[in-house]
Amino acid sequence: MTNDFLNKGDTFLIAELLYRIRYHFLLQKLGYTKEKVQENLHQRGRVSPYRQMLYELSEDITSDNLRSVMFLLRDQLPKKQTNMSTLELLTLLEKQGLLAENNLQILEEICKNISCDLLEKINKYKRERVSEPQQENFLTVKQSASWPSLNSEGLFRAGDSNRQMTNTISLSSNINDSYAEETGSLREHVGNVCSITGRQDDKAINITQGISKLHLEDPTRICNLENRTEKLMMTYNMDGLHRGYCLIINNSVFSRTLTERKGSGKDAEELKRVFTWLGLDVKMYKDQTSEQMKVLMEEWKLSNDHKSRDCFICCILSHGESGIIYGTDEIKVPIRTITSYFTASQCPQLAEKPKLFFIQACQGKQIQRAVYLEADAQNPDLLPAQQTISPSESIPEEADFLLGMATVDGYASFRHVHQGTWYIQALCSKLQQLVPRGEDILSILTEVNEDVSKRADSFGTKKQMPQPAYTLRKKLIFPVPKNPPPSQQ
């Protein structure tokens, strides 16, 4: 490439970009590690602090916040370009001459109305820009705009090369005159944004006045910088020497009338692979009776090993009904009973640590089967309303619990006899996809909901919707593993 930023003998630029977008597991393909990249950033880093700041802002601005910004700027945006990602919006502002390294006024006004944390990122950039001279090896805006166009396997597109960082090395689409609605991560690649003619000074005044007016009309949105430190600390500690234990109970063969849960072994093995990849010590238990499950929970409740662990995870795969799961002896065990073993009073070593329970079981009505699909329920009839139990009633009335249910109360969940259940397969897939991007567990479960909701039987008539319930006090973010996800090994 021009200026020797990238050549066969020096791939550090690619490594730096992968590091910036948190795709650390791909670094080893280039012969790098996360620590090695960090050591060399000061001398060899090409991405300017300005670009880093814009990218970090784009990652932290939520979809709701982005809609607010689009509303504020609606008079200045082309009518056909009212739906775009944050990176696309920032690129458009640059093309209009309203945003630059030395012109952050509009960006500051926007962030003032959204979050003091976002505003602090800009202030931090400005402080560092004043205190430290700019390194000569940073990519400037002009340099990035002059890079040649790359094909779908490249990291950039012509004209806006350094204005974007992509989810993966592979890109597959251009965004031209229209924009798809943003539904997922803001790490969407930016397409060609058409330029807009007009007096830039007038636009800057109009945008700034519009934002300032709204800011004055709504003083409750003024940033409280005193809360900034507290917000930044609202993440569970997950950097201990030991991540934690993950129990997987796989009940597939039952003693009397309940059918064999074919395909459940596929789920159990996939869970084992993924949670082992995430650094947990996985323990597998197959075909447990109701009493065996209770004894098992009692043993793990009393374990002294939790003290040095960051979290605790328990996955149960079985038949079920509203608020309960079945042991292989077909005796009901309330989900509330399972989770209550690990409250702070019952298991002090897990106090203030996240405790996650993933339950793959029907919670009610059996839906008519399609080919290869079975329902994880005992009774084909819908349970009476008075018998239903919501997921929130199945978790203890104290903090730090998360209960991920395969389906909403009163409905069946589905399992492919060869490929496993919709919910567990989606959960494992999204963990592998989104943990490397730094997403928290609730965001990941939202993506799981989206995935499962789009699935259907071969006739398109049978659907499923998972439902998480939680009393988490902080964000739970798994550290990015050094190794690639199991699906890529």
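- Taking the six-membered ring for Trp and thresholds of 30 and 60 degrees, Phe342 and His306 have ring planes more than 60 degrees apart, a perpendicular arrangement.
- When all heavy atoms of Leu27 and Ala15 are compared, the closest pair comes out as CD2-O, 3.4 Å.
- The backbone N or O of Gly327 sits nowhere less than 3.5 Å from a side-chain atom of Thr289 that would complete a donor-acceptor pair.
- Side-chain atoms of Thr91 come within 3.5 Å of backbone atoms of Leu87 as a donor-acceptor pair (strictly under, hydrogens ignored).
- Inspection of the Ser290 and Asp329 side chains reveals an N or O donor paired with an N or O acceptor under 3.5 Å.
- A donor-acceptor contact shorter than 3.5 Å links the side chain of Glu330 to the backbone of Arg256.
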| task | Tell me, with the steps shown, if Asp305 and His242 meet side chain to side chain contact (heavy atoms under 4.5 Å, CB included). | result | CA-CA 10 Å; Asp305 291 339; His242 304 286; over 6 Å; no

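- In this structure, Gln488 contributes its side chain and Pro485 its backbone to no donor-acceptor pair below 3.5 Å.
- Glu298 CD: more than 12 foreign heavy atoms inside a 6.0 Å radius.
- Going from atom CG of Leu356 over to atom CG of Leu280 covers 9.5 Å, rounded to the nearest 0.5 Å.
- Of the possible donor and acceptor atoms, one in the side chain of Ser340 sits under 3.5 Å from a partner among the backbone N and O of Thr337.
- The main-chain N or O of Ile424 is never found under 3.5 Å from a side-chain atom of Glu270 such that the two would form a donor-acceptor pair.
- Closest approach of Val452 to Trp422, counting heavy atoms only: CG2-O, 3.9 Å.
- The nearest pair of heavy atoms linking Ile477 to Gly438 is CG2-O, 3.8 Å.
- If you check the side chains of Thr421 and Asp267, you find a donor sitting under 3.5 Å from an acceptor.
- With values rounded to the nearest 0.5 angstrom, Lys294 atom NZ is found 15.0 Å from Glu299 atom CD.
- Between Leu445 and Leu402 the shortest side-chain heavy-atom distance falls below 4.5 Å.
- Counting heavy atoms from C-beta on, the side chains of Arg437 and Tyr23 come closer than 4.5 Å.
- Counting only distance, with no hydrogens or angles, the side chain of Ser303 and the backbone of Trp300 share no donor-acceptor pair below 3.5 Å.
- Counting heavy atoms of neighbouring residues, nucleotides and ligands inside a 6.0 Å radius, atom NZ of Lys430 exceeds 12 of them.
- With values rounded to the nearest 0.5 angstrom, Cys246 atom SG is found 12.5 Å from Arg309 atom CZ.
- At a cut-off of 3.5 Å, with distance as the only test, no side-chain donor of Gln288 or Asn251 sits close to an acceptor on the other residue.
- With rounding to the nearest 0.5 angstrom, the CD atom of Gln52 is 10.5 Å from the CG atom of Leu54.
- Minimum interatomic distance between Val435 and Pro479 (heavy atoms only, all atoms of both residues): CG1-O, 4.0 Å.
- Minimum interatomic distance between Cys314 and Met297 (heavy atoms only, all atoms of both residues): SG-CE, 4.2 Å.
- You'll find the side chain of Glu16 reaches within 4.5 Å of the side chain of Val47, heavy atoms only.
- Taking CG of Leu427 as the reference point, atom CG of Leu271 lies at 6.5 Å (rounded to 0.5 Å).
- Side-chain contact annotation: Asp400 with Tyr236, donor-acceptor N/O pair under 3.5 Å present.
- Gln432 places a side-chain N or O within 3.5 Å of a backbone atom of Ser487 that can act as its donor or acceptor partner.
- In this structure, Lys29 and Pro484 have side chains that are not in contact, with every pair of non-hydrogen atoms separated by 4.5 Å or more.
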| task | Evaluate the side chain to side chain contact (heavy atoms under 4.5 Å, CB included) criterion for residues Gln425 and Asp451: first the C-alpha distance (whole Å), next the side-chain angles of each, then the deciding distance (0.1 Å), finally the verdict. | result | CA-CA 10 Å; Gln425 293 303 311; Asp451 184 307; over 6 Å; no

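- Side chain of Lys355 to backbone of Lys353: a donor-acceptor contact under 3.5 angstrom is found.
- Side-chain contact between Gln292 and Asp287: absent, with no pair of heavy atoms (C-beta onward) separated by less than 4.5 Å.
- For Arg243 (side chain) and Met238 (main-chain N/O), a donor-acceptor pair under 3.5 Å exists by modelled atom type.
- Shown here for Arg473 and Ala399, the closest heavy-atom pair between the two residues is CD-CB, 3.4 Å.
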| said: With side chain to side chain contact (heavy atoms under 4.5 Å, CB included) as the criterion, how do Lys34 and Val480 come out once you've worked through the C-alpha distance, each side chain's angles and the decisive distance to 0.1 Å? | reply: CA-CA 10 Å; Lys34 175 183 176 182; Val480 179; 6.0 Å; no

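- With rounding to the nearest 0.5 angstrom, the CD atom of Glu260 is 6.0 Å from the OG atom of Ser252.
- In this structure, Phe254 has its ring center at least 6.0 angstrom away from the ring center of Tyr326.
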| Candidate pair Leu89 and Met70, rule side chain to side chain contact (heavy atoms under 4.5 Å, CB included), full reasoning | CA-CA 9 Å; Leu89 176 61; Met70 300 294 289; 4.1 Å; yes

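- Side-chain contact between Ile110 and Leu118 is absent, with no heavy atoms from C-beta onward closer than 4.5 Å.
- For the pair Thr86 and Val69, the minimum side-chain heavy-atom distance is 4.5 Å or more.
- You'll find the side chain of Ile325 reaches within 4.5 Å of the side chain of Ile335, heavy atoms only.
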